[in-house]
Amino acid sequence: MSGQRTSREPVAITGIGQTKHAAARRDVSLAGLVREAARRALDDAQLSWADVDAVVLGKAPDFFEGVMMPELYLADALGAVGKPVLRVHTAGSVGGSTALVAADLVAARVQRTVLAVAFEKQSESNAMWGLSLPVPFQQPLLAGAGGFFAPHVRAYIRRSGAPGGVGALVAYKDRRNALLNPWAHVHEHGITLERVRSSPMLWDPVRYSETCPSSDGACAVVLTDRAGAARAPHPPAWVHGGAMRSEPTLFAGKDFVSPRAGRDCAAEVYRQAGITDPRRELDVAELYVPFSWYEPMWLENLGFAAEGEGWKLTASGATELGGELPVNPSGGVLSTNPIGASGLIRFAEAALQVRGTAGEHQVDGARKALGHAYGGGAQFFSMWVVGDRPPTT
């Protein structure tokens with residue numbers, strides 16, 4: 001139709017809020033937990049509940065807390081009664097998917113200001129049981145996520161020829177970074193590389209200090225259009241690209257070390273953001289690394305390093321906070337893991353970096369950042385690239 005606007009509305013992140021993540025937040029209910037993060041995000045954007053047009057809520061499987069369809073129970077706590085509420089679920093990648101669904105509502109001009117919230121309260125659940133439910137037509141998974149992913153790590157080591165100590169380097173880096181992040185769950189003062197290396201073996205080759213904790217926590221972001229960004233009290237982060245991709249858990253020829261869905265998702269995000277050399281053009285990356293070896297694995301999957309070279313990038317110190325490509329300056333999933341929120345935390349931390357408001361773990365001069373999440377059997381992926389200026393169209 002003549003005169004019809006077909007371009008996407010630029011999307012700005014004007015508010016970011018997290019809870020203090022902990023092994024058990026017994027001081028709050030599920031409703032109190034999500035409201036805490038949402039209130040902080042609204043305060044950051046200097047908005048009220050009435051300014052929110054819609055709410056997008058994400059979490060991992062309902063089995064994790066045993067509260068079915070929590071979006072109905074939580075609508076009142078999030079000021080969403082009488083407003084559109086969408087529930088998102090894409091396993092561990094759900095936090096990232098939640099942000100992308102919210103961003104698309106704004107980009108399509110369906111809503112002007114959207115609150116995205118994701119959470120998990122693992123202290124009221126049994127994730128091992130939730131991950132071990134019998135699924136028709138396949139063998140039951142009885143070892144939790146670590147038992148599922150450890151063989152893929154061993155396959156990576158065999159394929160790449162990586163030395164055995166790379167995982168410990170990642171864990172040592174991320175736990176030190178977490179000490180700079182007041183919201184992080186694990187603050188391991190006095191952490192040493194030797195302590196990581198000597199921690200008990202859980203799933204060969206993944207040691208206790210190389211795996212994520214079980215956390216209670218929530219994260220929220222406010223996404224809005226150009227007009228909302230102009231009214232924001234602080235310079236916003238801008239969405240330059242976002243994508244989701246998935247593939248089956250099991251199929252003939254599946255590459256568990258470097259899933260095609262991850263490669264395809266990254267390629268689409270880079271295409272949207274106009275990025276041709278991610279290692280040079282991105283200033284920081286918040287990657288979903290629940291087991292330390294997944295840092296070098298994802299560096300390859302996402303195009304930061306050639307196949308078999310990701311571990312060399314990690315071992316060189318390039319992914320340290322002061323390195324060429326800082327990875328997980330927040331401490332990452334290795335230090336904070338409220339499963340449903342873990343992906344949104346990666347996206348939010350990327351936005352904090354380009355806003356220049358990441359506090360003690362701020363990367364100097366960060367102008368473009370990647371937020372990344374994966375879930376299921378390394379089958380669901382969500383990613384976005386955010387920048388300190390609006391995207392050029």
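In what follows, every heavy atom counts, from backbone to side chain, and hydrogens, waters and symmetry copies are set aside.
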Any salt bridge linking [X] with [Y]? Criterion: basic side-chain nitrogen under 4.0 Å from a carboxylate oxygen.
X: D44; Y: R355; answer: yes
X: E36; Y: K20; answer: no
X: K368; Y: D283; answer: no
X: R195; Y: E188; answer: yes
X: R8; Y: D104; answer: yes
X: R109; Y: E9; answer: yes
X: R25; Y: E120; answer: no

#### Entry: W384 vs V269, side chain to side chain contact (heavy atoms under 4.5 Å, CB included): CA-CA, chis, key distance, verdict
CA-CA 6 Å; W384 77 4; V269 170; 5.6 Å; no

When hydrophobic residues are tied together by side-chain contacts of less than 4.5 Å, even through go-betweens, does [X] share a cluster with [Y]?
X: L321; Y: L169; answer: no
X: V221; Y: V117; answer: no
X: L115; Y: L57; answer: yes
X: V106; Y: L86; answer: yes
X: V257; Y: V153; answer: yes

Mark yes when over 12 heavy atoms from residues, nucleotides or ligands other than [X] sit less than 6.0 Å from its [atom1]; otherwise mark no.
X: E307; atom1: CD; value: no
X: R260; atom1: CZ; value: no
X: D204; atom1: CG; value: yes

Cut-off 3.5 Å, no hydrogens considered: what does the side-chain donor-acceptor table look like for residues 67-81, sequence neighbours left out?
from	atom 1	to	atom 2	distance (Å)
E71	OE1	R87	NH1	3.1

Atom [atom1] of [X] and atom [atom2] of [Y]: how far apart are they, to the nearest 0.5 Å?
X: R40; Y: R35; atom1: CZ; atom2: CZ; answer: 13.0 Å
X: I13; Y: L352; atom1: CD1; atom2: CG; answer: 10.0 Å
X: E124; Y: E65; atom1: CD; atom2: CD; answer: 7.0 Å
X: I191; Y: S209; atom1: CD1; atom2: OG; answer: 5.5 Å
X: N181; Y: H187; atom1: CG; atom2: NE2; answer: 6.0 Å
X: K312; Y: S160; atom1: NZ; atom2: OG; answer: 9.0 Å

### Query
Would S246 and Q379 satisfy side chain to side chain contact (heavy atoms under 4.5 Å, CB included), going step by step from the backbone distance to the final call?
CA-CA 5 Å; S246 63; Q379 70 198 92; 5.7 Å; no

Below 4.5 Å, heavy atoms only, C-beta onward: do [X] and [Y] meet side chain to side chain?
X: V52; Y: L47; value: no
X: P84; Y: Q111; value: yes
X: K173; Y: V327; value: yes
X: V88; Y: V56; value: yes
X: V186; Y: T336; value: no
X: Y288; Y: N337; value: yes
X: E247; Y: D264; value: no
X: V385; Y: Q272; value: no

### Query
For the ring pair F381 and W298, is the centre-to-centre distance below 6.0 Å?
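Ring centres of W298 and F381 closer than 6.0 Å.
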
### Query
Is the ring centre of F149 less than 6.0 Å from the ring centre of Y374?
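Here the rings of Y374 and F149 have centres that are less than 6.0 Å from each other.
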
### Query
Are K254 and F256 in a cation-pi setup, meaning NZ or CZ lies under 6.0 angstrom from the ring centre and within 45 degrees of the ring axis?
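Judged by the rule, K254 and F256 form a cation-pi pair.
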
### Query
Does Y172 have R176 sitting over its ring (NZ/CZ under 6.0 Å from centre, angle to axis within 45°)?
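Judged by the rule, R176 and Y172 form a cation-pi pair.
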
### Message
Could you go through I339 and Q122, starting from their C-alpha distance and side-chain angles, then the distance that decides it, and tell me whether this counts as side chain to side chain contact (heavy atoms under 4.5 Å, CB included)?
### Response
CA-CA 8 Å; I339 299 173; Q122 290 203 65; 3.4 Å; yes

Looking only at side-chain N and O atoms, does [Y] offer a donor or acceptor that is under 3.5 Å from a partner on [X]?
X: E281; Y: Y270; result: no
X: T314; Y: E295; result: yes
X: D174; Y: S335; result: no
X: T113; Y: D51; result: no

### Task
Carefully, step by step, assess R367 and D388 under the rule salt bridge (charged side-chain N to carboxylate O under 4.0 Å, His left out).
CA-CA 5 Å; R367 298 184 61 186; D388 64 342; 3.4 Å; yes

### Message
Please check: side-chain N/O of D43 versus main-chain N/O of Q46, any donor-acceptor pairing under 3.5 Å?
### Response
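Absent.
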
### Message
I'd like to know if the side chain of R207 and the backbone of G167 have a donor-acceptor N/O pair within less than 3.5 Å.
### Response
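Not a single qualifying donor-acceptor pair exists.
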
### Task
Decide side-chain hydrogen bond (donor to acceptor under 3.5 Å, both in side chains) for H21 and S215; before the verdict, give the C-alpha distance in whole Å, the side-chain angles of both, and the deciding distance to 0.1 Å.
CA-CA 6 Å; H21 308 289; S215 309; over 6 Å; no

### Message
V94 vs F380, test: side chain to side chain contact (heavy atoms under 4.5 Å, CB included). Steps then yes/no.
### Response
CA-CA 9 Å; V94 64; F380 299 107; over 6 Å; no

### Task
Evaluate the criterion salt bridge (charged side-chain N to carboxylate O under 4.0 Å, His left out) for residue pair R263 and E268; output intermediate values, then yes/no.
CA-CA 9 Å; R263 298 194 304 269; E268 174 60 18; over 6 Å; no

### Task
Keeping to residues at least two apart or across chains, list the salt bridge (Lys or Arg N to Asp or Glu O under 4.0 Å) pairs with something in residues 339-352.
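Qualifying pairs: E286-R346.
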
Can you give me every donor-acceptor pair (side chain of residues 232-243, partner residue at least two apart or in another chain, under 3.5 Å) with its distance?
from	atom 1	to	atom 2	distance (Å)
H240	NE2	R389	O	2.7

